[in-house]
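Remarks on the structure that follows.
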Amino acid sequence: MPAAPQFQSEFLRTFAARGAFYACSEPREELDALFQKERVTAYIGFDCTAKSMHVGHMLQLMTLRRLQQAGHRPILLMGGGTTKAGDPSGKDETRLILTPEQIDENKHSMLNGVRHLLKFGDGPSDAIMVDNAEWLDRWEYIPFLREVGRHFSVNRMLTMDSVKLRLERDQPLSFLEFNYSIMQAYDFVELNKRYGCKLQSSGSDQWGNIISGIELGRRMGGLQLFGLTTPLITTSSGAKMGKTVAGAVWLNADMRSPYDYWQFWRNTEDADVGRFLRLFTDLPLEEIARLEKLQGAELNDAKKILATETTALLHGREAAEHAAGTARRAFEEGAMAEGLPTISAKLPDGILNLAVAAGLAVSNSEARKLIANNGLKLNDAAVSDPRLMVDASALNSDGVLKLSSGKKKHVLVKPA
């Protein structure tokens with residue numbers, strides 16, 4: 001990624017210094033000047049496809065947070081309307097069609113997990129939450145095509161990555177999904193009309209949709225709108241951010257415990273510690289510069305700070321400190337600490353089944369590989385036999401047993 005440009009405005013300077021800047025609409029000096037002369041209203045959209053956002057959304061949530069911290073007004077746009085079409089970006093298959101009731105349930109559940117990251121209210125820089133179903137659901141098909149669709153070139157839409165990649169891979173693209181970019185572009189125009197919104201931000205994979213919104217604003221109302229994107233985050237080893245053996249790293253506590261969330265960040269690769277501290281915490285840049293210089297065993301202290309600060313942002317300081325304390329007791333003191341993730345299982349059961357049920361492996365074959373590499377432990381003792389049957393005799397004095405994958409992943413098993 002090219003070096004970030006030098007900005008004069010407080011928000012863009014901070015945004016770039018923390019490694020969040022990827023690109024913006026040109027000329028970039030005009031966006032920089034906008035941030036210097038007025039309080040900017042900006043939005044980021046989130047479709048309601050699951051009951052929780054995941055860690056891949058955190059950079060966008062942090063962008064809204066940085067906007068507010070710099071005195072600007074963020075809009076958290078929930079895609080109750082666009083979810084009914086489905087965003088084709090980055091997908092090889094058509095998304096499942098959700099009912100309006102499922103979408104509404106997802107929306108409220110997603111908001112409950114993240115709304116505390118922003119301050120909502122009626123103040124000049126207080127965040128706004130709005131659902132694009134408010135306007136998209138009211139449009140009738142032919143009027144929408146006449147008023148909005150006529151500004152879009154099918155030739156141009158076919159060149160957008162979200163469409164082109166699906167066609168190149170000979171994967172189906174429904175006409176419903178094909179309309180997604182028109183709906184997202186109209187969101188920008190509507191938010192400008194309602195709230196004076198002048199900026200849309202998102203990940204770099206949404207650039208085509210952002211540009212469509214900027215152009216639609218110019219064609220429909222002579223508006224000057226702006227776009228800003230963040231990089232798509234991968235780890236130093238090339239893995240996509242948030243992709244784990246157990247699946248998505250959810251943000252809602254009832255879908256991923258604060259302890260497991262803390263562990264996710266604790267397991268950050270060495271080369272990513274400084275970058276993730278800048279992107280995903282509010283720690284001062286001077287402190288981050290000190291932490292990322294640590295080497296060897298001391299680097300583990302920086303990883304613990306990263307884990308605690310990211311968990312405190314999402315789940316609160318008390319939950320973060322409790323997770324850190326649980327990890328310390330479990331790993332450094334060898335205790336069977338309360339607070340470790342816990343599952344119930346009927347005993348006796350095979351060690352392979354238990355490893356899968358505990359989320360330490362996704363299949364029996366993967367559990368066998370884990371055992372072959374001395375990576376699976378039962379009550380801190382390495383498991384050598386994949387045929388091992390675990391019964392009540394393995395329970396400790398607290399009536400549980402402890403399964404571990406390596407040194408960092410531990411799960412308690414209670415008899416059902």
Side-chain angles (χ1 to χ4, degrees), residues 50-52 54-55 109 113 242-268 303-304 307-308 311 314-315 318-416:
K51 286 185 169 59
S52 171
H54 53 74
V55 78
S109 180
K243 290 293 184 182
T244 68
V245 169
V249 180
W250 301 110
L251 302 187
N252 284 26
D254 60 344
M255 294 179 66
R256 189 179 186 93
S257 71
Y259 174 82
D260 278 343
Y261 190 74
W262 190 95
Q263 278 295 321
F264 168 76
W265 293 103
R266 170 63 180 83
N267 293 338
T268 294
K303 291 183 181 182
K304 292 171 190 175
T308 300
T311 305
L314 186 64
H315 297 299
E318 183 178 351
E321 296 294 349
H322 185 266
T326 297
R328 183 176 60 254
R329 293 191 299 275
F331 310 145
E332 297 174 10
E333 300 170 11
M336 194 80 82
E338 292 183 7
L340 287 175
T342 304
I343 65 166
S344 296
K346 289 186 178 181
L347 300 179
D349 199 357
I351 189 64
L352 299 180
N353 290 339
L354 290 174
V356 172
L360 302 180
V362 296
S363 64
N364 284 0
S365 61
E366 187 173 287
R368 286 192 186 91
K369 292 178 182 176
L370 198 60
I371 292 171
N373 292 322
N374 296 317
L376 184 65
K377 293 183 179 180
L378 174 62
N379 294 334
D380 296 322
V383 176
S384 58
D385 185 0
R387 297 167 297 178
L388 176 68
M389 291 298 295
V390 181
D391 56 28
S393 65
L395 300 176
N396 68 0
S397 58
D398 294 324
V400 298
L401 58 89
K402 178 181 170 187
L403 282 177
S404 308
S405 172
K407 297 179 179 180
K408 298 177 180 178
K409 183 76 173 177
H410 304 259
V411 178
L412 300 183
V413 180
K414 292 184 177 179

Are any of the side-chain heavy atoms of [X] and [Y] separated by less than 4.5 Å?
{"X": "D385", "Y": "I371", "result": "no"}
{"X": "V413", "Y": "V390", "result": "no"}
{"X": "L378", "Y": "L354", "result": "no"}
{"X": "Y261", "Y": "L251", "result": "yes"}
{"X": "T326", "Y": "W262", "result": "no"}
{"X": "K402", "Y": "L412", "result": "yes"}

[X]: what forms a side-chain hydrogen bond (donor to acceptor under 3.5 Å, both in side chains) with it, not counting sequence neighbours?
{"X": "N373", "answer": "none"}
{"X": "S109", "answer": "N252"}
{"X": "N267", "answer": "none"}
{"X": "K51", "answer": "none"}

State, to 0.1 Å, how close [X] and [Y] come at their nearest heavy-atom pair, and which atoms those are.
{"X": "S365", "Y": "S363", "answer": "OG-OG, 3.0 Å"}
{"X": "P415", "Y": "L347", "answer": "CB-CD1, 4.3 Å"}
{"X": "E366", "Y": "A361", "answer": "OE2-CA, 3.3 Å"}

Exercise for review: Determine yes or no for a side-chain-to-main-chain donor-acceptor pair under 3.5 angstrom, with Q263 supplying the side chain and Y259 the backbone.
Suggested key: no
Tell me every residue that passes side chain to side chain contact (heavy atoms under 4.5 Å, CB included) with [X], counting only those two or more places apart in sequence or in another chain.
{"X": "P258", "result": "A253, T311, H315, A319"}
{"X": "L370", "result": "L376, S405"}
{"X": "A358", "result": "I343, L360, L403, V411"}

**Study point:** Pair V356-N364, side-chain contact (heavy atoms from CB on, under 4.5 Å): steps then yes or no
**Key:** CA-CA 7 Å; V356 172; N364 284 0; 3.6 Å; yes
Supply the atom-to-atom distance [X] [atom1] to [Y] [atom2], rounded to the nearest 0.5 angstrom.
{"X": "M255", "Y": "W250", "atom1": "CE", "atom2": "CH2", "answer": "4.5 Å"}
{"X": "S344", "Y": "K414", "atom1": "OG", "atom2": "NZ", "answer": "7.0 Å"}
{"X": "R387", "Y": "L352", "atom1": "CZ", "atom2": "CG", "answer": "10.5 Å"}

Practice item. Sequence neighbours left out, what passes salt bridge (Lys or Arg N to Asp or Glu O under 4.0 Å) with K377? Give chain and number order. Key: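 If we apply the salt bridge (Lys or Arg N to Asp or Glu O under 4.0 Å) test to K377, skipping adjacent residues, there are no hits.
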Point to revise | Test salt bridge (Lys or Arg N to Asp or Glu O under 4.0 Å) applied to D260 - qualifying residues, sequence neighbours left out | key: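 So D260 forms a salt bridge (Lys or Arg N to Asp or Glu O under 4.0 Å) with K409.
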Review point. With sequence neighbours left out, which residue pairs that include part of residues 349-361 fulfil the side chain to side chain donor-acceptor pair (under 3.5 Å) condition?
Key: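 For residues 349-361, and leaving out neighbouring residues, the side chain to side chain donor-acceptor pair (under 3.5 Å) pairs sorted by first residue read D349-N353.
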Exercise for review: In sequence, state the C-alpha distance, the side-chain angles, and the governing distance for V55 and W265, and then conclude on side-chain contact (heavy atoms from CB on, under 4.5 Å).
Suggested key: CA-CA 10 Å; V55 78; W265 293 103; 3.4 Å; yes
